[in-house]
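Contents: one structure, followed by commentary.
Chain letters run A, B, ... following the sequence lines, proteins first, then strands; residues in each count from 1. Model, not experiment: these values are computed from the prediction.
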Number of protein chains: 2
Amino acid sequence: MIASSSTAYTAGAPSRRELNKAATRQAITDAALALLRAKGPGNFTAEEIADSAGISRRTFFNYFSSTDAALASVVHAFLDNAIQQLRLRPAEEPVLESAQAALMALADPKAVAPLAELFTLTQHSPLMANTELQAWDHCREQVFAVARERVAVTPGGEDELYVQALAGSVISCGKAAMQVWFSRRGADLSAESLAELRQLLIDAMALLGAGFNSRRHAGGAGRSSPAPAGPAS
Amino acid sequence: MIASSSTAYTAGAPSRRELNKAATRQAITDAALALLRAKGPGNFTAEEIADSAGISRRTFFNYFSSTDAALASVVHAFLDNAIQQLRLRPAEEPVLESAQAALMALADPKAVAPLAELFTLTQHSPLMANTELQAWDHCREQVFAVARERVAVTPGGEDELYVQALAGSVISCGKAAMQVWFSRRGADLSAESLAELRQLLIDAMALLGAGFNSRRHAGGAGRSSPAPAGPAS
DNA sequence: CACGCTCTTACACTACGTGCAACTTTGCAC
DNA sequence: GTGCAAAGTTGCACGTAGTGTAAGAGCGTG
C-alpha cells in the first residue's frame, strides 16, 4: 500500500497494530471510492463510509478529518510519491530538471490510475476542490522545502522570492499539464496517452525554464518542443 | 450586478434593496473581522457573527456559506480588483506585462490594508487556508479566461498547456511575492514597504517571463532586477 | 495470566448548512 | 395614498459534521 514508502514500514517490523491500521485505512478509502462510484460526489455521508468499511463513525474520524479527506488520500498518495521521487534526485541537479525527472516517474499506469479515476468521478464537482487544492498546496510546500535546501538560500535574503515562486510555479505547471491531459484523454491510460502526458509535463517544465516570453504563439512553431534539455539521458 | 464591474453599482440606480444588501454584507464582514481580532481564528461561530451584525443566523448563511467565506470576502475583493485591473489592459499587450501592470495597481495602501490585516491575524492558522486557497484558485480561473481570450488559443490545440500553465504560474508568483513581502515586513504599509512589494511583484513576473533557468543564484547578480522590460514605461 | 498500552466504540454535545413556511420590506402601478 | 407582487428576513426543524469522554476490546510483553 502506501506503507512501503511514505508512512509506516519500520523496516521488517510491521507489527500487528500497524497492519491493522493500514488495513482499516485502506478499507476506508476503498469504501469511500466505492460510494463515490455508486452515488456520486457529495451524495453520501461519513456514516455510510464507516458502515461500508465495517467500522464506527467515530473511528472514521480518527483516520480522516472529513469525507473529502478520505478521498483526497488518493491525491496525497500520488503527490507524496512525487515528492519522494524529487528527493531522490542528486542535489547538484538544477531543481527544474529534478522536478521534470520526478514527474516522469509518475506518468505510469499504476501511479496515475487511481488519480485518473478520482478525477473523472469528481470532475465538475466543487466538493472535491477544497481538499484537492490543499493536497496540491501541501505538495508545493514540500517542493519549496526541497528547493530551499538545494538553492542554498540566504535566510533573509533575496533568493526567497526565487524559491517560493519556483515551487509554486512548478506545482502550477504540473497541475496544468495534468489538467490538459485529462481534458484531452479522459481516463485513457494507454501507452500513447501516457506518452502524451509525459510530453506535456516536459513542455510545462520547459516553459518554466525558458520563460513564458520565449514562446511566440503567433508563429507556427507551436508544436511540442522535442524534449528540451533532456534531464537524465 | 456582476454585469458592469464586479458587484453592485448599476450606474446611478443603487436601489434601496441593493443598498441594504450591500450594507448587510459589509456589516457581516465587519463583524467577522472584529470577532477575528477579538477571539482569534476558529474561536467564534456563525451565530456570533450574525448577532454581532444584527441579523439572524439564517440570514448570515444567505450571504455567506460559512464563517470562512465571510472572512475570505476580503481576499475575494482584493483579487476581483486585480482581475478588473487586468481586464483594463489593452488586448495586444503581452499577458505577462498586463499581469504586472495590474498588480502594480494593487500595491496600494487602501487595497492591501485589509488583506494585510487578515493575513497577520490568520497567519499560522490552517482554518483560513481552505477558503483562501479557493479564492486564489478562483482568481487563477479568471486569469485563465483572460489569457485564453488574448492568446487566441485553438480549441483542442497545443496552446492550452501554455495558457493553463501561464495562468497558474502568474497566480503562484503573485502569491509568492505577497508571501515574501508579508514575511519580511509584516503588516507594514509604509511607502518603502509598498515599494518593496511592487519590486517583488515585478521581479516575480520577470522570473516568469525570462524563465527560472536564466537566473544563476551563485553569481553576485542576485539583486532585484531593475524593472526588466518596463510594461508601461 | 496479568498488566499496560493502543485502538475502537457508543454516547452526548455543539455547530454547520439547508429546506420550509411565515412574516416584513421594497418596488411599482394605479 | 392603497394594493399587490417580488425580494428579503426570520424562526424552526432536521440531518450531518466533527469532537470530547469514558468504557471496553485488542495487542504486546513479562
Next item on the list: Please state how far atom CD1 in B:Ile55 lies from atom P in C:dC23, giving the value in whole angstrom units.
Entry: 22 Å

Note to self: Please give me the minimum heavy-atom distance between B:Ala111 and B:Phe78, naming the atom from each residue.
What the structure shows: O-CD1, 3.5 Å

Margin query: Nearest 0.5 Å, please: how far is SG in A:Cys173 from CG in B:Leu161?
Written below: 7.5 Å

Check: Would you say the base of D:dC12 and the side-chain of B:Arg57 have a donor-acceptor pair closer than 3.5 Å?
Finding: no

Checklist line | Selection from D:dT9, C:dT8, D:dA17 that lies nearest to any side-chain heavy atom of A:Thr24 | finding: C:dT8

Note to self: Heavy-atom nearest nucleotide on DNA chain C for B:Thr67 versus B:Arg58: which residue maps closer to 5'?
What the structure shows: B:Thr67

Next item on the list: Select from B:Lys21 and A:Asn20 the residue whose nearest nucleotide in DNA chain D is closer to the 5' end of that strand.
Entry: B:Lys21

Check: Rounding to a whole Å, what distance do you find between B:Phe60:CZ and C:dT18:C1'?
Finding: 14 Å

Next item on the list: Return the 5'-most residue of the pair B:Tyr63, A:Ser66 with respect to DNA chain D, ranking by each residue's nearest nucleotide.
Entry: B:Tyr63

Note to self: Under 4.0 Å from OP1 or OP2 of C:dG27: is there any side-chain N or O of B:Ser15 that close?
What the structure shows: yes

Next item on the list: Nearest whole angstrom, please: distance from the C1' of D:dT9 to the CD of B:Glu47.
Entry: 16 Å

Check: Can you check the B:Arg16 CZ to C:dC28 P distance for me, whole Å?
Finding: 14 Å

Note to self: Base of D:dA6, side chain of B:Arg17 - is there a donor-acceptor contact under 3.5 Å?
What the structure shows: yes

Next item on the list: Please answer whether the main-chain N or O of A:Ala165 pairs with a side-chain N or O of A:Ser169 as donor and acceptor at a distance below 3.5 Å.
Entry: yes

Next item on the list: Please check the phosphate of C:dT9 (OP1 and OP2 only) for any side-chain N or O of A:Thr59 closer than 4.0 Å.
Entry: yes

Notebook entry, point to check: D:dA17 P sits how many Å from A:Phe44 CZ, rounded?
Noted result: 10 Å

Note to self: Rounded to whole Å, how long is the line connecting atom CG of A:Leu19 with atom P of D:dG28?
What the structure shows: 9 Å

Checklist line | d(CG, A:Asp68; P, D:dT16) in whole Å | finding: 16 Å

Item checked: Spacing of B:Asp51 atom CG relative to C:dA15 atom C1', expressed in whole Å -> 14 Å

Note to self: I want to verify a distance call: between C:dG27, C:dT8, D:dG18, whose nearest atom is closest to the A:Asn62 side chain?
What the structure shows: C:dT8

Margin query: Given 3.5 Å as the limit, does a donor-acceptor pair link the side chain of A:Ser193 with the main chain of A:Asp188, or not?
Written below: yes

Notebook entry, point to check: Distance-only, no hydrogens or angles: does the A:Thr59 side chain make a donor-acceptor pair with backbone N or O of A:Ile55 under 3.5 Å?
Noted result: no

